[in-house]
Amino acid sequence: MLENLECMLKQAATSLERREVDQAFEVLDGAIDRFPDDPRPWQMRGCAKHRFGEYGEAIEDLEVASSLGRLRHSAELTLADCYRLSGEAERCCTQLTTLVHDEECPIKVLARAACMLGGLSEHSTALVVCERILEQQPEAHQAWFGVGFYRARLDFSARQVEPFIAEASRLAENNRLYKANLGLLKLTTSDAAGAWKILDSLDASLVRCPNLMNILACVYDRAGQRKRAKQWRDQMEALFGCRRFPHNQCQRASEHCRTCCVALPNRILDELRGEVLS
């Protein structure tokens, strides 16, 4: 009997890979009818429904699977994402917190969970997750940037953020997002010469984050370098049809949108934008 289930699951997986969606769901429906107490067909169908945007039904399937046995770590993450996309932030946060405290959770899943936690403004937990990743994989440049980014969101000083962004940039020297952030941080830590050397080397046409581009334009404006500021705004207009940060370009929560891709402490961001500090 179980061999038959294994064959059905493999058939459904193959159909999904070939984008034969109706056939895949037909096989999974049949597997659930024949093996209703096995969590695997419920889990696969739930993950497939998430993939095709059927989040409510995906939640139902994954919760049934969870009641029958332990979900795979990737499926637990999928369930959390379904909660997020369904507007159930609290349930999403609870699911993610349980997941990231599992010592057997693989690094790939931890990294995605950290990003999701950051999008929910759970910066402390996201920071702990990134630090845990570095313990296991010290060459993971994304985690170095994550530690710096979440430190910034928790209002650590720029000097407490810069070393982590610098290490991310060292490990991935062609990453423009890291370089831009390192340059911006150096401006605030009394290394103006090093900062401008980095920032002036950036090609505006190769940066794709509207928030970061807007910050860079503001920095050049404040330095009186109008021509360079105009280059950044011209590129924003070319890419996004506007010359100021287009909030509708970010699908994350509004607070995350305001800080997306920029590892600067909040007070510095406010000063750069000329906002009144509380």
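Given the structure is predicted, the values throughout are model-derived calculations rather than measurements.
Nearest approach of A152 to V161, heavy atoms of both residues: N-CG2, 3.8 Å. Annotation for L212 and L184: closest pair CD1-CD1, 4.0 Å, computed over non-hydrogen atoms. Closest of all the heavy-atom pairs between A140 and L134 is O-CD2, 3.7 Å. Summarising the geometry of M44 relative to A12, their closest heavy-atom pair is SD-CB, 3.8 Å, with the distance given to 0.1 Å. Heavy atoms only, all atoms of each residue included: P36 and L68 are closest at O-CD1, 3.4 Å. The two atoms that bring V262 and F149 nearest to each other are O-CE1, 3.6 Å, heavy atoms only.
Clustering ILVMFWY residues whenever any of their side-chain heavy atoms sit less than 4.5 angstrom apart, transitively, puts F25 in a cluster other than the one holding F35. Placement of F145 and L127 within a single hydrophobic cluster is found when ILVMFWY residues are connected by side-chain heavy-atom separations under 4.5 Å, directly or transitively. L117 and V128 fall into different hydrophobic clusters, defined by Ile, Leu, Val, Met, Phe, Trp and Tyr side-chain heavy atoms under 4.5 Å apart, directly or through other members. Hydrophobic clustering, with ILVMFWY side chains joined whenever heavy atoms are under 4.5 angstrom apart, keeps L85 apart from L62. Hydrophobic cluster membership differs between L77 and Y55, with clusters built from Ile, Leu, Val, Met, Phe, Trp and Tyr side chains linked at under 4.5 angstrom.
Side-chain contact between Q235 and V207 is absent, with no heavy-atom pair separated by less than 4.5 Å. Taking 4.5 Å as the limit, some side-chain heavy atom of L9 sits within range of a side-chain heavy atom of L28. Under the 4.5 Å side-chain criterion, counting only non-hydrogen atoms from C-beta, L264 is in contact with L185. Two residues are said to be in side-chain contact when any heavy atoms from C-beta on lie closer than 4.5 Å; C92 and M116 meet this criterion. Between L154 and S124 there is a side-chain heavy-atom pair separated by less than 4.5 Å. No side-chain heavy atom of L96 sits under 4.5 Å from any side-chain heavy atom of Y83. In this structure the side chain of P41 reaches within 4.5 angstrom of the side chain of L5, judged on heavy atoms. E60 has its side chain out of reach of K49: every pair of non-hydrogen atoms, C-beta onward, lies at least 4.5 Å apart.
Pairs of residues two or more places apart, or lying in two chains, that qualify as side-chain hydrogen bond (donor to acceptor under 3.5 Å, both in side chains) and include a residue from residues 125-141 are H141-Y178.
Atom OG1 of residue T188 and atom CZ of residue R159 lie 8.0 Å apart, to the nearest 0.5 angstrom. In this structure, SG on C130 lies 11.0 Å from NE2 on H123, to the nearest 0.5 angstrom. Atom CD1 of I107 and atom CD of Q142 lie 10.5 Å apart (nearest 0.5 Å). Summarising the geometry, atom CG belonging to L177 is positioned 8.5 Å from atom CD1 belonging to I165; distances are rounded to the nearest 0.5 Å. If you take OG1 on T94 and CD on E88, they are separated by 10.5 Å, rounding to the nearest 0.5 Å. Interatomic distance, CG of L182 versus CD of E162, reported as 6.0 Å (0.5 Å rounding).
For D33, the CG atom sits in a packed shell: over 12 heavy atoms of surrounding residues, nucleotides or ligands are nearer than 6.0 Å.
The residues R40 and E6 are annotated as salt-bridged, a charged nitrogen and a carboxylate oxygen being separated by less than 4.0 angstrom.
When only modelled atom types and interatomic distance are considered, T189 and D191 share no side-chain donor-acceptor pair under 3.5 Å.
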Item to complete: Take V147 and F156, measure what side-chain contact (heavy atoms from CB on, under 4.5 Å) needs, and give me the verdict at the end.
Response: CA-CA 11 Å; V147 171; F156 281 63; over 6 Å; no
Practice prompt. Please report the C-alpha distance between Q23 and Q11 in whole Å, then the side-chain angles of each, then the deciding distance to 0.1 Å, and finally whether the side-chain contact (heavy atoms from CB on, under 4.5 Å) criterion is met.
Written response: CA-CA 9 Å; Q23 182 175 333; Q11 183 182 349; 4.0 Å; yes
Fill in: Step-by-step side-chain contact (heavy atoms from CB on, under 4.5 Å) determination, R176 to C209
CA-CA 10 Å; R176 300 173 189 89; C209 171; over 6 Å; no
Item to complete: Evaluate side-chain contact (heavy atoms from CB on, under 4.5 Å) for E271 paired with R222, printing each intermediate quantity in order.
Response: CA-CA 11 Å; E271 290 172 355; R222 288 183 56 157; 4.3 Å; yes
Worksheet item: Would R84 and D81 count as a salt bridge (Lys or Arg N to Asp or Glu O under 4.0 Å) if you check the C-alpha gap in whole Å, the side-chain angles of each, and the deciding distance to 0.1 Å?
Response: CA-CA 5 Å; R84 179 183 69 85; D81 196 42; 2.7 Å; yes
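For the pair R208 (side chain) and S205 (backbone), a donor-acceptor distance under 3.5 Å is present. A donor-acceptor pair under 3.5 Å links the side-chain atoms of N181 to the main chain of C261, judged by distance alone. At least one donor-acceptor pair under 3.5 Å links the side chain of Q43 to the backbone N or O of R72. Put simply, the side chain of T78 gets close to the backbone of S74: a donor and an acceptor are under 3.5 Å apart.
Partner D221 forms a side chain to side chain donor-acceptor pair (under 3.5 Å) with one of K230, R228, R233 and no other, that one being R233.
Annotation: side-chain hydrogen bond (donor to acceptor under 3.5 Å, both in side chains) contacts of D102 (sequence neighbours excluded): R70, H73. Annotation: salt bridge (Lys or Arg N to Asp or Glu O under 4.0 Å) contacts of R151 (sequence neighbours excluded): none.
Aromatic rings of Y220 and W196 (six-membered ring for Trp) have centroids within the 6.0 Å cut-off, being under it.
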